[in-house]
S.K.: 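Next up is a structure, given as structure tokens.
Just so you know, these numbers use all the heavy atoms, side chains as well, and skip hydrogens, waters and symmetry mates. Letters A, B, ... are given to chains in the order of the sequence lines, protein chains preceding strands, and every chain is numbered from 1.
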Amino acid sequence: MKYIIAIIKPFKLDEVREALSGLGVQGLTVSEVKGFGRQKGQTEIYRGAEYAVSFLPKIKIEIAVSDDLAEKVADAIRMAANTGKIGDGKIFISELAQVVRIRTGEADDAAL
Amino acid sequence: MKYIIAIIKPFKLDEVREALSGLGVQGLTVSEVKGFGRQKGQTEIYRGAEYAVSFLPKIKIEIAVSDDLAEKVADAIRMAANTGKIGDGKIFISELAQVVRIRTGEADDAAL
Amino acid sequence: MKYIIAIIKPFKLDEVREALSGLGVQGLTVSEVKGFGRQKGQTEIYRGAEYAVSFLPKIKIEIAVSDDLAEKVADAIRMAANTGKIGDGKIFISELAQVVRIRTGEADDAAL
Amino acid sequence: MHKMSRKITALASTAAVTATLWCGQALAQTAPAAPAPAPTLDKADTAWMLTSTALVLLMTIPGLALFYAGMVRKKNILATIMQSFGITALVTVLWGIIGYTLAFTDGHGATSPFFGDMSRFFLAGMGKDTLFPGSTIPESVFMMFQMTFAIITPALLVGSLADRVKFSSLMVFTTGWLLLVYVPIAHMVWATNTGLLAKWGVLDFAGGTVVHINAGVAGLVGCLVVGKRKGFGTENFAPANLAYALIGASLLWVGWFGFNAGSALTSDGRAGMAMTVTQLATGAAACTWMAVEWIIRKKPSALGAASGAVAGLVAITPASGFVGPTGGLIIGLVAGVVCFWGATGLKHMLGYDDSLDSFGVHGVGGITGALLTGVFAVKGIGGTSGVLEGNFAQLGIQAEGILVTIVWCAVVSFILFKVIDKTMGLRVTAEQEVEGLDYSLHGEIIHD
Amino acid sequence: MHKMSRKITALASTAAVTATLWCGQALAQTAPAAPAPAPTLDKADTAWMLTSTALVLLMTIPGLALFYAGMVRKKNILATIMQSFGITALVTVLWGIIGYTLAFTDGHGATSPFFGDMSRFFLAGMGKDTLFPGSTIPESVFMMFQMTFAIITPALLVGSLADRVKFSSLMVFTTGWLLLVYVPIAHMVWATNTGLLAKWGVLDFAGGTVVHINAGVAGLVGCLVVGKRKGFGTENFAPANLAYALIGASLLWVGWFGFNAGSALTSDGRAGMAMTVTQLATGAAACTWMAVEWIIRKKPSALGAASGAVAGLVAITPASGFVGPTGGLIIGLVAGVVCFWGATGLKHMLGYDDSLDSFGVHGVGGITGALLTGVFAVKGIGGTSGVLEGNFAQLGIQAEGILVTIVWCAVVSFILFKVIDKTMGLRVTAEQEVEGLDYSLHGEIIHD
Amino acid sequence: MHKMSRKITALASTAAVTATLWCGQALAQTAPAAPAPAPTLDKADTAWMLTSTALVLLMTIPGLALFYAGMVRKKNILATIMQSFGITALVTVLWGIIGYTLAFTDGHGATSPFFGDMSRFFLAGMGKDTLFPGSTIPESVFMMFQMTFAIITPALLVGSLADRVKFSSLMVFTTGWLLLVYVPIAHMVWATNTGLLAKWGVLDFAGGTVVHINAGVAGLVGCLVVGKRKGFGTENFAPANLAYALIGASLLWVGWFGFNAGSALTSDGRAGMAMTVTQLATGAAACTWMAVEWIIRKKPSALGAASGAVAGLVAITPASGFVGPTGGLIIGLVAGVVCFWGATGLKHMLGYDDSLDSFGVHGVGGITGALLTGVFAVKGIGGTSGVLEGNFAQLGIQAEGILVTIVWCAVVSFILFKVIDKTMGLRVTAEQEVEGLDYSLHGEIIHD
Ligand SMILES: Nc1ncnc2c1ncn2[C@@H]1O[C@H](COP(=O)(O)OP(=O)(O)O)[C@@H](O)[C@H]1O
Ligand SMILES: Nc1ncnc2c1ncn2[C@@H]1O[C@H](COP(=O)(O)OP(=O)(O)O)[C@@H](O)[C@H]1O
Ligand SMILES: Nc1ncnc2c1ncn2[C@@H]1O[C@H](COP(=O)(O)OP(=O)(O)O)[C@@H](O)[C@H]1O
């Protein structure tokens with residue numbers, strides 16, 4: 001199994017989720033993060049001063065998938081989250097040793 | 001060493017933490033996430049309209065443990081977080097290559 | 001490639017980020033987490049009662065790096081985040097199988 | 001009805017024409033306001049009106065600002081507050097310079113049923129000791145009290161356009177709308193000597209037509225012109241922080257005592273009765289909205305209770321100096337149900353995106369209240385009887401007032417919205433809308 | 001003391017009996033309120049009372065709503081606001097229909113020391129120009145002013161039940177409690193012609209017994225009946241957002257000027273003195289609470305400062321029209337210390353879960369204030385001397401008033417809570433409590 | 001100018017000396033305040049002043065508390081509110097005991113231009129029916145009204161020290177500053193019979209010098225003594241929640257009606273005119289700040305609009321009872337631009353860390369307003385002409401008043417800050433500053 005972490009732009013979340021549902025992904029976990037990267041930070045005005053906000057709001061999606069689905073999932077995310085503009089984000093894929101469904105105790109692929 | 005990520009229902013956090021303390025787990029890291037899965041989303045009322053909230057509040061626990069403790073930790077989480085109802089969450093276990101304690105520089109098992 | 005997760009004290013974030021920039025790290029992702037560990041929790045006063053806050057605010061930094069940079073990055077974080085006081089945090093390093101840049105589709109080291 | 005429809009048709013065309021005519025005319029007219037009878041200053045009345053003015057300002061900032069800000073998504077909270085705050089600043093200046101004189105002086109000739117004259121341009125001639133004609137309070141205090149009404153009305157209508165209107169365009173629109181819609185309708189209803197609807201005998205104690213129908217209709221027109229929010233019907237638009245909305249509704253409720261009881265312009269028993277019926281209607285409407293929602297949706301929502309309260313406040317506004325306690329209670333009961341339908345059934349049925357229900361609550365509630373004023377008016381309280389006391393004609397007169405307001409407001413607002421949309425653009429870009437107005441328009445965000 | 005204890009015993013049994021008797025009696029009674037002497041309307045007094053009414057409403061919404069909402073966990077913020085808001089709406093209607101007439105008309109026969117009659121049912125006979133007997137203000141304004149007191153009292157007591165009471169049950173409880181506890185105690189204390197405690201000579205300028213002891217005792221009874229919050233003593237119940245609590249406390253403070261100075265029913269020197277002692281006591285109590293906490297807990301907490309201020313406001317309430325500046329200062333000093341103990345030592349000692357300290361602050365502070373009124377009353381201010389001016393008896397009279405209030409309130413509240421608990425259930429389910437009342441009762445959550 | 005500079009030099013040295021002298025003197029002096037002419041109580045004036053007092057208290061809590069709390073980082077929100085709240089409690093007690101008597105009694109001999117006497121120590125001799133000399137309102141009400149001014153002034157100056165001052169030291173500083181800076185300057189300006197600046201003919205209707213210049217200058221001195229915030233210029237200090245700041249600014253705006261119109265001490269046409277010019281100046285200043293920022297920074301910020309409004313309110317304060325509508329508009333226009341520069345250009349140019357711009361807005365705005373009062377004063381409104389009506393001298397008199405205020409305030413504030421810094425320490429430790437004042441000073445945090 002693979003553990004996929006994707007950092008995307010916040011307003012792309014709904015599109016990504018739909019794309020993944022289309023692939024049969026049954027679950028995923030989302031959190032709000034702040035990203036630092038090539039994308040130039042916004043500038044906030046504060047009493048006439050300007051503050052560069054170096055951290056940008058991003059969404060982190062975590063999905064555990066079976067090995068054979070991993071590639072498709074990564075592709076789907078890339079398609080759905082792409083705007084072509086800097087700051088679109090990254091996808092990180094690593095090995096996942098074991099999965100357990102808390103409710104039933106089912107393990108690995110059956111637990112996804 | 002293993003890196004264990006558990007997604008659980010928020011109100012189970014205290015029980016899980018106690019179960020883990022019982023096993024001698026000395027540290028863990030917790031964050032608020034939103035989960036999307038089989039569990040049907042709640043429905044919020046808004047001026048007479050109903051909005052299905054597809055993302056549910058969940059708690060993510062991350063714990064680095066030595067290899068021999070991994071299985072016990074996973075079991076303990078499963079016991080403590082189980083309600084038997086859909087949405088109880090998942091446990092994901094992966095390999096951890098290296099650990100460092102920032103304060104002392106201790107490494108790996110000594111750093112846990 | 002390696003996936004580095006560091007848990008640090010919140011007010012060390014800026015120093016850590018600068019240290020990493022110095023190493024040529026181009027991107028990282030940050031989130032607010034709560035840590036449970038050896039560091040004794042704060043005590044809040046509430047109408048004369050005292051509540052021990054067992055979870056402390058921490059910052060989690062995630063960085064994907066090429067294999068050769070991993071050691072340097074871990075060292076840099078350890079230097080920058082160290083205060084010598086309990087609760088300074090941990091660094092976790094694991095293998096990363098694959099990286100994709102969403103905007104361009106570039107993969108692995110080129111995507112970092 | 002025939003006579004009425006003729007009047008209305010005439011007005012529909014008159015609206016746009018007159019609105020463009022008055023400038024020249026008014027500027028040429030410098031005669032003073034009609035000589036008033038000579039009451040003297042009453043310090044007690046003045047004390048109450050100073051207080052009422054503060055209360056009505058409190059309704060807009062921070063009351064309405066919070067009520068609306070609590071209903072939007074987090075990324076638009078500051079921008080929503082800024083709409084109320086910016087309108088407050090802008091209308092203050094406009095009203096002082098030209099709005100007040102055009103609304104509350106008598107005017108001359110053919111335009112006098114619709115507009116005043118320029119005798120109070122820059123408040124000229126309003127000395128420290130000048131009383132407002134026919135009242136016992138300084139004209140400065142009357143002018144200020146009315147200013148707070150002129151402020152809240154455009155601030156209310158923005159609710160329909162929430163989350164997508166440009167701040168710059170809103171400021172321009174407000175300027176035009178104040179002078180071409182608010183001012184003439186205020187004049188028609190409240191300029192006792194010359195106003196068109198005042199002469200017809202339309203009852204509107206504290207602004208059911210001038211403020212609420214006016215804001216509701218303009219809001220409806222606006223949300224039709226500007227279009228739906230991006231994601232309407234598919235994304236979750238759940239309010240970010242309803243605590244703000246409930247604070248806001250509470251401050252609206254408290255401040256409304258100034259709005260309604262203050263409209264007596266004196267601190268006597270009529271003011272007391274206006275406060276009483278305001279409270280009863282509001283409590284009743286909050287209860288009925290909660291009850292209806294409890295039955296239909298299984299849970300009484302906090303936003304529902306707040307919306308019900310506002311619905312009651314809106315509906316009792318025109319009636320407040322005219323009806324008694326039982327009338328007030330009934331008006332509230334009705335308003336809670338009707339506005340619930342306005343903000344839910346009607347809106348969903350017709351499918352427009354009246355984001356924060358300016359029309360659903362203020363338009364629908366204002367119309368309900370204006371009509372019921374004609375039903376429940378009690379001679380012993382406000383000097384005019386309603387249907388229940390046998391004066392059936394009053395209901396027709398109220399309907400005429402409502403129609404004139406709707407027609408004038410809809411026509412001129414539509415033209416204004418369209419002109420702005422075609423020139424500077426009414427709406428932010430799609431990117432700005434997604435990014436949130438807080439950052440894209442004002443360069444600020446809420447950090448926690 | 002012997003005489004007093006007999007009176008009390010008699011009352012304990014009378015409470016429940018009378019409470020069930022009055023319905024039939026009162027409905028049979030339709031005679032008008034006693035003819036008043038003939039003062040005329042004073043517009044200045046009316047202006048101040050209109051203002052005071054707005055100020056006291058501000059205390060409950062949004063004042064108290066925020067004060068309480070700021071002390072609960074995030075998942076219960078909206079539900080906590082809704083408790084104040086829902087009570088405001090409900091009591092408004094109840095008071096207009098039947099509460100006012102039963103509290104403030106004279107009543108007849110055996111029940112007249114406890115209840116009024118039905119002559120103002122649906123506010124019948126209260127015309128625009130009717131003055132409240134013996135006052136210079138319209139009866140409508142007096143009725144409204146008193147309504148705001150009737151609203152805040154049940155809203156205060158809910159603090160003891162926070163985080164676990166069903167909204168529906170709370171609405172039912174409020175209805176019963178208003179009519180069977182608040183109304184008779186208000187009548188006993190404030191119905192000058194017939195009220196039991198009024199005749200005994202109990203001093204309660206603005207509601208130390210009627211509002212605060214009453215709310216505190218009912219809250220205590222309620223939290224004993226409903227039980228502790230799930231997780232009490234083991235989970236961290238730290239307040240989610242004390243900024244709300246401090247805004248709330250501030251609005252309570254400001255609004256309390258209407259509460260206390262408004263209770264003069266006139267805008268004269270006594271009102272001014274009431275405002276003065278209110279401010280001094282509040283400042284002093286906030287300082288002492290902070291000081292005590294600073295010494296004991298090493299840090300002065302923001303919630304402590306706010307609680308101290310409220311403690312001072314509570315304690316000065318019965319005294320406000322009777323004592324002078326130094327008396328006010330001392331009452332505040334004492335209240336800060338005593339209520340700190342009430343909300344910390346006492347509560348932890350006895351182990352009940354008075355969640356937001358309705359009893360610890362309002363009960364304890366109200367008793368303290370009511371007693372000290374008997375000590376510091378100054379003839380030259382309120383017409384009655386206290387112990388310091390040699391009138392030792394007044395302290396006993398005050399104690400009698402307190403005991404009657406406690407006994408009546410405790411007995412009837414207990415019965416009401418129990419009946420509701422056995423029938424519809426007082427408390428949410430364990431799941432709902434864990435999930436949070438915002439979502440489980442109202443279908444809403446705070447998103448940011 | 002020569003004469004003036006001599007006066008100033010004399011004063012600079014007098015300030016410190018007198019400040020230490022008065023204690024002994026004042027305590028020895030027990031003669032009653034000068035016998036007043038005998039006006040009688042006016043209940044209408046009293047009603048308005050009771051209301052105004054509530055409005056001005058609302059300005060500090062929760063108004064200013066929120067305005068400031070909204071501009072700091074999340075970890076300091078509660079501590080910032082606590083600064084306003086704690087000062088409110090402390091000054092209440094101090095003012096009642098000794099502040100009022102030293103500020104508003106006539107005083108004796110050499111110190112009488114600077115300080116009053118002890119005849120109202122603990123408010124002794126202030127009975128229920130005592131009127132404030134020369135007014136138609138109870139002295140208790142006047143004392144309370146003035147107390148709210150004494151509260152807000154130190155609360156304003158803390159803005160300069162935000163995020164780094166110790167709460168304990170702030171309480172000590174406030175005590176000293178109230179008695180050695182606020183009290184003498186209030187006496188100089190407002191003690192009609194004996195005050196130094198009052199005799200010179202300085203116009204300050206509602207506190208341009210006493211409140212705003214005073215707070216601004218002390219804030220500037222304070223932020224120079226305490227030093228910059230850790231991370232100033234390198235870390236992002238973006239405000240955590242500007243919604244709070246906008247609620248705060250709104251409440252300041254509304255409450256300011258009490259501040260300015262209340263300063264008439266009567267509810268007549270002058271109060272109405274004061275309210276009018278207050279509103280016009282505020283609207284105008286908010287518009288110009290927005291406009292300038294829009295031009296320079298491309299976006300009109302919400303904080304900018306709020307700051308502009310406050311700038312207008314500050315600048316019109318001294319002028320409010322003296323100028324007419326057009327004067328008010330112009331003062332607002334000027335204040336918006338000048339204070340924008342004060343809070344941005346000037347601050348960045350000189351590089352001090354006036355965290356929340358107490359000096360940039362209140363100092364600069366207060367000076368601007370005090371000078372322009374001398375320009376736009378209209379005889380027909382406040383009895384004194386300004387430059388535009390040919391009275392050129394008034395501008396010089398205003399400048400003298402400003403200079404005396406600045407010099408006295410700067411000298412004594414500097415000594416106070418230094419003494420406290422050397423003894424108990426003015427600033428929290430670096431760790432506490434990083435951890436946040438909420439937790440480190442008060443043991444509390446905002447959890448959501
Ligand atoms: N090496 C990295 N490790 C972890 N997160 C990264 C890394 N590089 C980028 N990110 C995340 O991806 C986001 C987008 O990266 P950025 O460099 O701005 O643009 P792009 O994705 O177009 O290359 C960043 O905001 C950050 O959250
Ligand atoms: N494949 C997955 N990858 C990551 N997180 C998942 C995945 N599937 C489920 N989750 C997380 O687990 C939570 C519970 O899953 P759900 O399908 O609702 O119920 P159950 O755990 O009972 O099967 C989800 O809300 C989500 O946060
Ligand atoms: N085994 C672990 N797994 C995950 N996170 C941990 C673990 N141990 C510690 N942490 C994180 O590191 C933080 C610091 O750990 P702590 O034991 O308090 O001090 P130190 O880092 O000095 O040993 C904790 O608050 C927690 O967030």
Side-chain angles (χ1 to χ4, degrees), chain E residues 42-45 47-48 51-52 55 73-74 77 238-243 246-247 249-251 253-255 257-258 261 266-273 275-276 279-280 282-287 290 294 297-303 305-306 308-309 324-326 328-329 332 380-381 446 448, chain F residues 41-51 53-55 57-58 60-63 65-66 69 77-79 81-82 84-86 88-93 96-97 122-123 126-131 137-141 143-144 147 167-168 241 244 247 267 438 441-448:
Chain E
D42 184 312
K43 292 209 283 186
D45 291 340
W48 172 234
T51 305
S52 292
L55 285 171
R73 286 158 292 167
K74 190 175 179 190
I77 288 179
N241 190 341
L242 285 174
L246 283 152
I247 306 173
S250 300
L251 292 177
W253 190 335
V254 171
F257 285 168
T266 172
S267 59
D268 64 359
R270 194 175 180 196
M273 192 55 90
M275 181 182 261
T276 300
Q279 180 74 12
L280 293 175
T282 307
C287 288
M290 272 198 282
W294 215 328
R297 301 283 167 194
K298 303 294 177 303
K299 290 177 182 178
S301 70
L303 182 58
T326 311
L329 271 173
I381 291 173
I446 290 183
D448 64 347
Chain F
L41 179 87
D42 185 312
K43 292 208 284 186
D45 292 341
T46 305
W48 172 233
M49 294 313 296
L50 289 165
T51 305
T53 304
L55 285 170
L57 182 61
L58 183 80
T60 307
I61 51 165
L66 282 168
I77 288 180
L78 295 176
I81 299 182
M82 260 302 264
S84 292
F85 204 88
T88 301
L90 178 65
V91 173
T92 293
V93 174
I97 295 177
F122 267 91
L123 303 176
M126 188 188 86
K128 172 169 79 81
D129 298 318
T130 319
L131 298 193
I137 60 170
E139 186 174 357
S140 61
V141 175
M143 184 279 298
M144 281 297 301
M147 182 196 286
F167 185 67
S168 55
N241 190 343
Y244 288 174
I247 305 173
S267 59
D438 287 6
L441 296 185
H442 305 289
E444 297 165 317
I445 51 173
I446 291 184
H447 281 270
D448 63 347

S.K.: Using non-hydrogen atoms and a 4.5 Å limit, figure out which bit of F:L66 sits close to chain E: side chain, backbone, both or neither.
M.R.: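 Only the side chain of F:L66 comes within 4.5 Å of chain E.
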S.K.: Side chain, backbone, both or neither: which part of E:L329 has an atom under 4.5 Å from a heavy atom of chain F?
M.R.: side chain
S.K.: Check F:A54 against E:V254 and note the closest heavy-atom contact, atom names and distance.
M.R.: O-CG1, 3.6 Å
S.K.: Between F:E444 (side chain only) and E:A302 (backbone N and O only), is there a donor and an acceptor less than 3.5 Å apart?
M.R.: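 Here the side-chain-to-backbone pair exists.
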S.K.: Counting only heavy atoms closer than 4.5 Å, note whether F:I97 contacts chain E via side chain, backbone, both or neither.
M.R.: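 Only the side chain of F:I97 comes within 4.5 Å of chain E.
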S.K.: In terms of heavy-atom proximity below 4.5 Å to chain E, should F:I81 be classed as side chain, backbone, both, or neither?
M.R.: side chain
S.K.: For the interface with chain F, which of E:P300, E:G258, E:C287 has the highest count of heavy-atom pairs at distances below 4.5 Å?
M.R.: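 So the answer, after comparing E:P300, E:G258, E:C287, is E:P300.
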S.K.: Can you see which heavy atom on F:I446 is nearest to which on E:A243, and at what distance?
M.R.: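 Scanning both residues, the minimum pair turns out to be CD1-CB, 4.2 Å.
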S.K.: Heavy-atom cut-off 4.5 Å, strictly under: side chain, backbone, both or neither for F:L41 against chain E?
M.R.: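 Just its side chain gets close to chain E.
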S.K.: What part of E:T51 lies closer than 4.5 angstrom to a heavy atom of chain F: side chain, backbone, both or neither?
M.R.: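 The answer is the side chain of E:T51.
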S.K.: Give, as side chain, backbone, both or neither, the part of E:M290 having an atom under 4.5 angstrom from any heavy atom of chain F.
M.R.: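 Side chain of E:M290 only, per the 4.5 Å heavy-atom cut-off to chain F.
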S.K.: Go through the atoms of F:A69 and report whether side chain, backbone, both or neither lie under 4.5 Å from a heavy atom of chain E.
M.R.: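 Neither part, no heavy atoms under 4.5 Å.
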S.K.: State the CG-CE distance between F:D129 and E:M273, to the nearest 0.5 angstrom.
M.R.: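 Interatomic distance, F:D129 CG to E:M273 CE, rounded to 0.5 Å: 8.5 Å.
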S.K.: Check whether any side-chain heavy atom of E:L280 lies under 4.5 Å from a side-chain heavy atom of F:L123, and answer yes or no.
M.R.: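 They are in contact (side-chain heavy atoms under 4.5 Å apart), so the answer is yes.
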S.K.: Could you check which of F:L57, F:I247, F:L90, F:T53 has the highest count of heavy-atom pairs closer than 4.5 Å to chain E?
M.R.: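 Of F:L57, F:I247, F:L90, F:T53, F:L57 has the most heavy-atom pairs under 4.5 Å with chain E.
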S.K.: What is the minimum heavy-atom distance between E:T276 and F:M144, and which atoms define it?
M.R.: OG1-CG, 3.5 Å
S.K.: Quick one: does any side-chain atom of E:S267 pair with a main-chain N or O of F:K43 as donor and acceptor, under 3.5 Å?
M.R.: yes
S.K.: Go through the atoms of E:A309 and report whether side chain, backbone, both or neither lie under 4.5 Å from a heavy atom of chain F.
M.R.: side chain
S.K.: Return the CG to CG distance between E:L55 and F:L50, rounded to the nearest 0.5 Å.
M.R.: 10.0 Å
S.K.: What part of E:L303 lies closer than 4.5 angstrom to a heavy atom of chain F: side chain, backbone, both or neither?
M.R.: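 Contact with chain F involves both backbone and side-chain atoms of E:L303.
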S.K.: Of the backbone (N, CA, C, O) and the side chain (C-beta and beyond), which part of F:S168 lies under 4.5 Å from a heavy atom of chain E, both, or neither?
M.R.: both
S.K.: In terms of heavy-atom pairs under 4.5 Å, which option from E:G308, E:A261, E:A306, E:G328 contacts chain F the most?
M.R.: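 Option with the top pair count is E:A306.
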S.K.: If you count heavy-atom pairs within less than 4.5 Å of chain E, which of F:D45, F:T60, F:L58 leads?
M.R.: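 Looking at each of F:D45, F:T60, F:L58 in turn, F:L58 comes out on top.
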S.K.: Kindly determine whether E:R270 and F:K128 satisfy side-chain contact (heavy atoms from CB on, under 4.5 Å), including the steps that lead there.
M.R.: CA-CA 6 Å; E:R270 194 175 180 196; F:K128 172 169 79 81; 3.8 Å; yes
S.K.: Side chain, backbone, both or neither: which part of F:M143 has an atom under 4.5 Å from a heavy atom of chain E?
M.R.: side chain
S.K.: Closest approach of E:G272 and F:S140, non-hydrogen atoms and distance?
M.R.: C-OG, 3.3 Å
S.K.: What part of F:P138 lies closer than 4.5 angstrom to a heavy atom of chain E: side chain, backbone, both or neither?
M.R.: side chain
S.K.: If every non-hydrogen atom of E:A44 is compared with every non-hydrogen atom of F:A47, which pair is closest and at what distance?
M.R.: O-CB, 3.8 Å
S.K.: Quick check on E:S52 against chain F: is it the side chain, the backbone, both or neither that has a heavy atom closer than 4.5 Å?
M.R.: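 When you check distances to chain F, no heavy atom of E:S52 falls under 4.5 Å.
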S.K.: Hey, which of E:A286, E:P325, E:G283, E:P239 has the most heavy atom pairs under 4.5 Å with chain F?
M.R.: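 Highest number of pairs under 4.5 Å: E:G283.
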S.K.: From F:M49 CE over to E:W48 CH2, what is the distance, rounded to the nearest 0.5 angstrom?
M.R.: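 Answer for the CE-CH2 pair, F:M49 versus E:W48, is 11.5 Å.
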S.K.: Does a side-chain heavy-atom distance below 4.5 Å link E:L246 with F:I61?
M.R.: no
S.K.: Can you tell me which of F:D42, F:I77, F:T46, F:V141 forms the most heavy-atom pairs within a distance under 4.5 Å of chain E?
M.R.: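 Option with the top pair count is F:T46.
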